[in-house]
Amino acid sequence: MKQYWKYIKPYTLFFMLGPLLMLTEVAGEIVLPKIMGTMIDIGIGSNGAGLGIGYILSRAGIMFGFIVIMIIGGIGGHYFSIKAAVSFSADLRQGVFEKVQKFSFKNIDGFSTGSLVTRLTNDITQLQNMTRMLLIMAMRSPGMLIGGIIMACSINAKLALVLAVVIPVLAIVIALILKTAFPRFSLMQKKLDNLNSGVQENITNVRVIKSFVRQEFEVEKFKKSNDDLMNSTMRALKIVITTMPVMTLAMNITTLVVVWMGGNFVIKSNMQVGDLTAFITYITQILMSLMMVSMLFLQLSRALASSARISAVLKTEIDLTDDKSARKDKEVTQGSIEFRNVSFKYYEKRKENVLENISFTINPGEIVGIIGTTGSGKSSLVQLIPRLYDVIDGEVLVDGVNVKDYSLKHLRDGVGMVLQKNVLFSGSIEENLRWGDETASMEEIRSAAQAAQADGFVTSFTDGYNMELGQGGVNVSGGQKQRLCIARALLKKPKILILDDSTSAVDTATEAKIREAFSTSLKDSTKIIIAQRIGSVIDADKIIVLEDGKIAGIGNHSVLMESCGEYRDIYYSQIDKEKEVV
């Protein structure tokens with residue numbers, strides 16, 4: 001509960017008022033049967049010898065007053081309980097989302113996307129439902145149970161001994177049910193994770209699925225996940241299904257026993273009819289309160305499974321922060337970069353490093369190409385510059401300062417990055433481009449789009465820059481998406497611009513125009529270009545060749561042609577392919 005207190009604290013008043021107002025219902029339900037009993041015994045009496053209609057009406061008036069108070073208290077109790085539960089869950093959802101936003105790439109790798117979505121939605125909803133039920137039942141059920149037992153004992157202690165047998169038996173049954181329910185609800189949530197992950201993956205990659213005619217495969221795959229969820233849900237809810245009949249059976253059997261024994265007491269004149277009527281009502285209330293407690297514990301069992309999953313997010317230690325940064329006010333002003341004996345791997349338990357003993361220097365304003373075979377560590381290397389990951393050994397310096405000494409905001413404000421996977425968001429083209437600079441004028445937006453060779457196709461759309469993009473930019477082509485992502489980065493006007501194979505879907509002529517625009521739009525910025533095509537980096541001031549996570553060569557094109565065999569192999573393999581095409 002400690003981790004949830006910050007989300008509960010603002011609504012402490014609601015958390016208190018809800019249960020307290022529910023006590024009015026408890027008071028009424030405890031008092032009303034006794035009043036009804038006296039109405040029967042005194043107002044009517046045996047053989048009609050009671051006090052008559054006047055007494056009955058006075059008792060009815062008192063009952064009506066209690067009912068009005070119960071209605072007001074019940075409505076207020078439900079309102080404040082729901083208000084507390086909904087407000088708490090809304091703040092908790094906001095808190096979990098903010099925590100996820102602080103995750104490093106390494107933290108995110110520990111959760112699937114579908115799992116995080118489930119935790120932010122379904123799991124928090126389970127906690128909300130549990131909180132609401134707990135606040136409504138926290139005082140009501142125990143109050144009815146204790147009050148009912150006291151009133152039953154006060155009416156006839158011998159008859160109340162029935163409860164000494166029933167309550168322990170039901171308590172044992174409830175404990176066994178809960179012991180079985182918890183693991184089943186935990187498994188159900190995991191199956192829901194799998195289903196959500198599959199749905200998200202399917203919808204995101206729907207074009208690939210259709211192009212490979214894999215619809216039937218995906219339908220079958222979804223059916224399997226859906227059936228798994230259905231079966232695990234049924235196994236979990238069988239507990240709920242079983243609980244109600246068991247409790248109802250116990251309640252009916254107990255009522256029959258009480259009526260039989262109480263009837264004998266009435267016949268022997270050891271008990272009045274009104275007292276027996278009240279006693280039966282109290283027995284029903286006691287058993288109903290036990291039933292509500294059992295349902296509360298079932299909901300609690302399901303909520304605890306969800307709580308453990310939410311806690312896993314909240315308790316995740318952010319491995320990449322700027323809490324210990326020595327130069328939090330420092331900004332990137334020049335764009336120089338230096339790697340000093342840098343080694344890196346994604347997982348601590350992995351034996352081999354992805355990057356091994358990397359050292360080089362990039363001067364402000366230089367255009368640097370990075371090339372190498374697939375899996376050589378190109379993307380891993382550039383992700384260390386804005387601290388998307390942290391180095392294992394060595395250090396990365398920007399403007400002569402270790403990147404760990406910058407605040408993450410200042411560091412990443414100074415670095416513009418177009419990732420290998422181009423991502424756009426729902427909204428207009430203009431809104432997407434404003435990610436680079438939300439205060440940019442329309443003229444600046446168009447200028448960045450022109451430099452990225454995107455203005456031409458954007459203005460050809462009917463709505464131009466106001467055209468709405470689908471989720472992930474599904475209604476533009478791969479090349480158009482890349483150019484929009486480049487425009488977004490250019491609008492940021494970073495001192496360091498990193499293009500991670502960001503023109504792979506663009507033809508060579510358009511790519512050449514984009515590179516040419518760099519010399520004017522970002523003249524003083526450092527540009528790092530990761531590319532598969534050697535033509536993309538051939539004119540760079542400096543080219544870094546990576547091979548198996550190590551530097552195989554550094555220099556311009558002519559230097560590398562003389563000194564680096566790996567570079568020559570890449571060059572000639574691509575030149576030969578171009579000749580074959582011709």
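Being a predicted model, the structure only gives us computed values, none of them experimental. Position 1 is the first residue of the sequence, and the numbers go up from there.
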Notebook entry, point to check: Between T526 (side chain) and I496 (backbone), is there a donor-acceptor pair under 3.5 Å?
Noted result: no

Notebook entry, point to check: Can you tell me if S359 uses its side chain to pair, donor with acceptor, with the backbone of N341 under 3.5 Å?
Noted result: yes

Check: Given K330 and H410, is the side-chain contact (heavy atoms from CB on, under 4.5 Å) satisfied, shown in steps?
Finding: CA-CA 7 Å; K330 171 70 175 172; H410 286 328; over 6 Å; no

Next item on the list: List the atom of I371, the atom of K378, and the distance in Å for their closest heavy-atom pair.
Entry: C-CD, 3.7 Å

Item checked: Candidate pair H557 and Y571, rule side-chain contact (heavy atoms from CB on, under 4.5 Å), full reasoning -> CA-CA 10 Å; H557 171 69; Y571 177 79; 3.7 Å; yes

Check: Closest approach of I367 and A540, non-hydrogen atoms and distance?
Finding: O-CB, 3.5 Å

Note to self: Main chain of S307, side chain of S311: is a donor-acceptor contact present, judged purely on distance under 3.5 Å?
What the structure shows: yes

Notebook entry, point to check: What class does the angle between the rings of F457 and F461 fall in, given that below 30° is parallel, 30 to 60° is tilted and above 60° is perpendicular?
Noted result: perpendicular

Note to self: Apply salt bridge (charged side-chain N to carboxylate O under 4.0 Å, His left out) to residues E430 and R434 and explain how you reach the verdict.
What the structure shows: CA-CA 6 Å; E430 179 186 340; R434 285 190 183 278; 3.0 Å; yes

Check: Between CZ of F425 and CZ of R488, what distance do you get to the nearest 0.5 Å?
Finding: 6.5 Å

Next item on the list: Given ring pair (Phe, Tyr, Trp, His ring centres under 6.0 Å), test Y11 with F88 step by step and report yes or no.
Entry: CA-CA 7 Å; Y11 311 106; F88 156 71; 8.5 Å; no

Next item on the list: Could you check if a side-chain atom of Q453 sits within less than 4.5 angstrom of a side-chain atom of E516, using non-hydrogen atoms only?
Entry: no

Note to self: For S89, run the side-chain hydrogen bond (donor to acceptor under 3.5 Å, both in side chains) check against Q128, Q126, R132 and tell me which one passes.
What the structure shows: Q128

Note to self: If the threshold is 4.0 Å, N to carboxylate O, is there a salt bridge linking R515 and E511?
What the structure shows: yes

Next item on the list: Please tell me if the side chains of N556 and K542 come closer than 4.5 Å, counting only heavy atoms from C-beta onward.
Entry: no

Note to self: Any heavy-atom pair between the side chains of L384 and L355 that's under 4.5 Å?
What the structure shows: yes

Check: Counting N and O atoms only, with roles assigned by atom type, does the side chain of R412 sit under 3.5 Å from a partner on the main chain of P386, one being a donor and the other an acceptor?
Finding: yes

Margin query: Checking the side chain of R568 only, and the main-chain atoms of E562 only, is there a donor and an acceptor separated by less than 3.5 Å?
Written below: yes

Check: Side chain of S104, backbone of D319: donor and acceptor closer than 3.5 Å?
Finding: no

Next item on the list: Could you label the plane-to-plane angle of the Y389 and Y346 rings as parallel, tilted or perpendicular, counting under 30° as parallel and over 60° as perpendicular?
Entry: perpendicular

Check: Taking atom NZ of K83 as the centre, does the number of heavy atoms from other residues, nucleotides or ligands within less than 6.0 Å exceed 12?
Finding: no

Next item on the list: Just do the side-chain contact (heavy atoms from CB on, under 4.5 Å) check on I530 and L381 with the steps written out, would you?
Entry: CA-CA 10 Å; I530 296 176; L381 185 144; over 6 Å; no

Next item on the list: Mind checking the NZ-CG spacing from K409 to L411? Nearest 0.5 Å is all I need.
Entry: 11.5 Å

Margin query: Does atom NZ (K9) have a neighbourhood of more than 12 heavy atoms from anything else shown, all under 6.0 Å?
Written below: no

Notebook entry, point to check: Do D501 and S536 have side-chain heavy atoms sitting under 4.5 Å apart?
Noted result: no

Next item on the list: List the atom of V313, the atom of F111, and the distance in Å for their closest heavy-atom pair.
Entry: CG2-CE2, 4.0 Å

Next item on the list: Side-chain contact test, heavy atoms from C-beta onward, threshold under 4.5 Å: evaluate it for N107 versus L320 and give yes or no.
Entry: no

Next item on the list: Would you check if the side chain of S325 reaches a backbone N or O of K404 as a donor-acceptor pair within less than 3.5 Å?
Entry: yes

Check: Going by an N to O cut-off under 4.0 Å, is there a salt bridge joining K550 and E356?
Finding: no

Notebook entry, point to check: Are the side chains of I528 and I385 in touch, meaning some heavy atoms are under 4.5 Å apart?
Noted result: yes

Check: More than 12 non-hydrogen atoms from neighbouring residues, nucleotides or ligands closer than 6.0 Å to CD on Q101, yes or no?
Finding: yes

Margin query: Is it the case that the side chain of K492 and the backbone of V415 share a donor-acceptor pair, with hydrogens and angles ignored and the cut-off at 3.5 Å?
Written below: yes

Item checked: K513 atom NZ, over 12 foreign heavy atoms within 6.0 Å -> no

Check: Is it true that K224 and D228 make a salt bridge, defined as a side-chain N closer than 4.0 Å to a carboxylate O?
Finding: no

Next item on the list: With rounding to the nearest 0.5 Å, note down the distance linking OG1 in T373 to CD1 in I570.
Entry: 7.0 Å

Checklist line | Beyond-backbone contact of Y465 with T459, side-chain heavy atoms, under 4.5 angstrom | finding: yes

Item checked: E331 to D399 - nearest heavy-atom pair and separation -> O-OD2, 4.3 Å

Check: Which heavy atom of G377 sits nearest a heavy atom of V354, and at what distance?
Finding: CA-CG1, 4.4 Å

Notebook entry, point to check: Looking only at heavy atoms, what is the nearest atom pair of A448 and L490, with distance?
Noted result: O-CD1, 3.9 Å

Margin query: Is any side-chain heavy atom of Y406 closer than 4.5 Å to one of D322?
Written below: no

